[in-house]
Each structure stands twice: as structure tokens, then as C-alpha cells.
Amino acid sequence: MRRLVLATRNEGKIREIKEILKDLQFDLVDLRAYPEAPEIPETGADFAANAREKALAIAAHTGEWALADDSGLEVEALGGAPGVFSARYAGNHGDDRANIAKLLAEMAGVPEGRRGARFVCLAALAAPEGSCFLAEGECRGVIARSPRGGNGFGYDPIFFLPEYNLTMAELPEELKNEISHRARALAKLRPVLAARLAGGG
């Protein structure tokens, strides 16, 4: 079975990606299998640069194909913020509660018709020799007034999907893994993964 390294230590992402790709016959591992792997700082100007840098660095380090993503929330009323700073919007990386609290405070006076937002994901699949494939996925919704739901991670509890009348954190896992920005980006990479599985390199 061929190995694919998920270039992350984020447990929420690991669980989600493994579920989305569970039908592919890969040995899916993450960076917990490579404790010596370097931390790749997300200093790129956009999601694509960050995803590409992480995937290439981990592929080179492990000698295996690597899958990385950089994703975040873009809010129209905030000019696209938090964007690439989504995970550290309130200062500390990965503090979901603080990030949500800051965003809700900034959106407090924004009326219903101007609360549009999108989750965006750039996924990068890199080979050890340096080739890299990029794909983008998005999911559009609106910013809720308060958190709802206990599933998911990040900004999921305040990302409301009008067509389902639920936040992303209230969606059944199976449905989220069909419509999320990450699922849509990974769907575009499936042909490359399938070709590799078939021995196409």
C-alpha cells in the first residue's frame, strides 16, 4: 500500500481528511508518524503559497508524497479578513474560542444582509522530487450571531449555511465531508491521487 503523508498535526484536519479519502487505498499517515518533521511557518501571502510550501517541505523530508492544505475564513464585511490569519486571528495559533469571540465582536453591528462569508481551502499534493499539484475549494455561507453546534472545529460553530438552516458545526459529518471547502478541494485532486494509485507516478 502506498503511503501518503498528511502534512499537519491538526487533529481536526487529520480526522476530516482521512474520512474524505477513506475509499482510496493509501496508507494515510500524518506528522505524528514523523516527530522530527519540521514545523513549516505559514508566512505566505496567500493560502496557495502556504499549502505549496508545506507540501513540498514534508515530501522532501519524508521521501513520500505529501498532502497539505491551508484554509481559512474570508468575511465580506471585513474585507476578506481573517483570511490567511484565520488560525491566529486573536493572537494565539489555534485558539478557536478566542478567534470566534474576536470575529463576533467585530461583526456585532453588521446587519443580516452584509454577513456573507466563505470558507476557502487550497490543497497541495507534492511528490518527493518536487512536482506539486494545487486545487481550490470553497463553501459559502453567512456569519451567525452566536456559536451553534458541537461538531467540527475552527469557525464551524458560527458559519451558517442558509440552505440547510444549520451551522457547519451542526451538520452531520457525512454531509460536511461532501460540501465543505476542504472536501471540494480534495475532490479536484482525486484524479492525481488515482493516477498515482494506479502507478502513474
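These numbers were taken from a predicted model, which means no experiment stands behind them.
Residues passing the side chain to side chain donor-acceptor pair (under 3.5 Å) test with D23 are R190, sequence neighbours excluded. With sequence neighbours left out, the side chain to side chain donor-acceptor pair (under 3.5 Å) criterion links E16 to K176, R182. For the side chain to side chain donor-acceptor pair (under 3.5 Å) test, residues two or more places apart in sequence or in another chain that qualify with R32 are D30. Judged as a salt bridge (Lys or Arg N to Asp or Glu O under 4.0 Å), and not counting sequence neighbours, R115 has no contacts. Looking at residues two or more places apart in sequence or on another chain, you find no side-chain contact (heavy atoms from CB on, under 4.5 Å) involving R15. Looking at residues two or more places apart in sequence or on another chain, you find no side chain to side chain donor-acceptor pair (under 3.5 Å) involving E163. Take E106 and apply the salt bridge (Lys or Arg N to Asp or Glu O under 4.0 Å) test, not counting sequence neighbours, and it matches no residue.
Between L6 atom CG and I58 atom CD1 the span is 11.0 Å, to the nearest 0.5 Å. One distance of note links CD of E138 with OG of S180; it measures 12.0 Å at 0.5 Å rounding. For the atom pair N177 CG and K22 NZ, the distance stands at 8.0 Å (nearest 0.5 Å). Rounded to the nearest 0.5 Å, atoms CG (L125) and CG (L193) are 5.0 Å apart. Within the model, atoms NZ of K188 and CG of L134 stand 11.5 Å from one another, a figure rounded to the nearest 0.5 Å. Atom CG of L24 sits about 10.0 Å away from atom CG of L186, to the nearest 0.5 Å.
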Stepwise, does the salt bridge (charged side-chain N to carboxylate O under 4.0 Å, His left out) test hold for E112 with R145? CA-CA 9 Å; E112 298 306 320; R145 294 285 177 183; 2.8 Å; yes

What do the steps show when you test D69 against K13 for side chain to side chain contact (heavy atoms under 4.5 Å, CB included), and what is the final call? CA-CA 9 Å; D69 87 322; K13 280 189 182 184; 2.8 Å; yes

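Open room surrounds CZ on R114; 12 or fewer heavy atoms of other groups in view lie less than 6.0 Å from it. Atom CD of E11 sits in a sparse spot, with 12 or fewer heavy atoms from other residues, nucleotides or ligands closer than 6.0 Å.
The hydrophobic cluster containing L166, built from Ile/Leu/Val/Met/Phe/Trp/Tyr side-chain heavy atoms closer than 4.5 Å, also comprises L73, V75, L78, Y89, I100, L103, L104, M107, V110, F119, I143, Y155, I158, F159, L161, Y164, M168, L171, L175, I179. In this structure, V120 belongs to a hydrophobic cluster whose other members, linked by side-chain heavy atoms under 4.5 Å apart, are F47, V84, F85, L122. Other members of a hydrophobic cluster containing I14 are absent, since no ILVMFWY side chain comes under 4.5 Å of it, directly or through relayed contacts.
Side-chain contact check for R118 versus C139: every heavy-atom pair is 4.5 Å or farther apart. In this structure, the side chains of L21 and L28 come closer than 4.5 Å at one or more pairs of heavy atoms. At least one side-chain heavy atom of S71 sits less than 4.5 Å from a side-chain heavy atom of H181. Considering only heavy atoms from C-beta on, L31 comes within 4.5 Å of V5 through its side chain.
In this structure, T167 contributes its side chain and R148 its backbone to a donor-acceptor pair below 3.5 Å.
At a threshold of 4.5 Å between side-chain heavy atoms, the hydrophobic network of Ile, Leu, Val, Met, Phe, Trp and Tyr places L189 and L4 in one connected group.
Of all non-hydrogen atoms in A68 and A51, the two that sit nearest each other are CB-O, 3.6 Å. Counting all heavy atoms, side chain and backbone alike, A59 lies closest to A66 at N-CB, 3.6 Å. The minimum heavy-atom distance linking G141 with P162 is given by the pair CA-CD, 4.4 Å. In terms of heavy-atom proximity, C132 sits nearest to A124 at SG-CB, 4.0 Å. Between V29 and A33 the shortest heavy-atom distance is CB-CB, 4.3 Å.
A salt bridge does not link D27 to R2: none of the charged nitrogens lies less than 4.0 Å from a carboxylate oxygen.
Listed by first then second residue, pairs satisfying side-chain hydrogen bond (donor to acceptor under 3.5 Å, both in side chains) with a partner in residues 34-57 read R3-Y34, R9-E39, E36-H61, E42-K54, N50-D70, not counting sequence neighbours. Evaluation of the side-chain hydrogen bond (donor to acceptor under 3.5 Å, both in side chains) test over residues 95-104, restricted to residues two or more places apart or in two chains, returns none.
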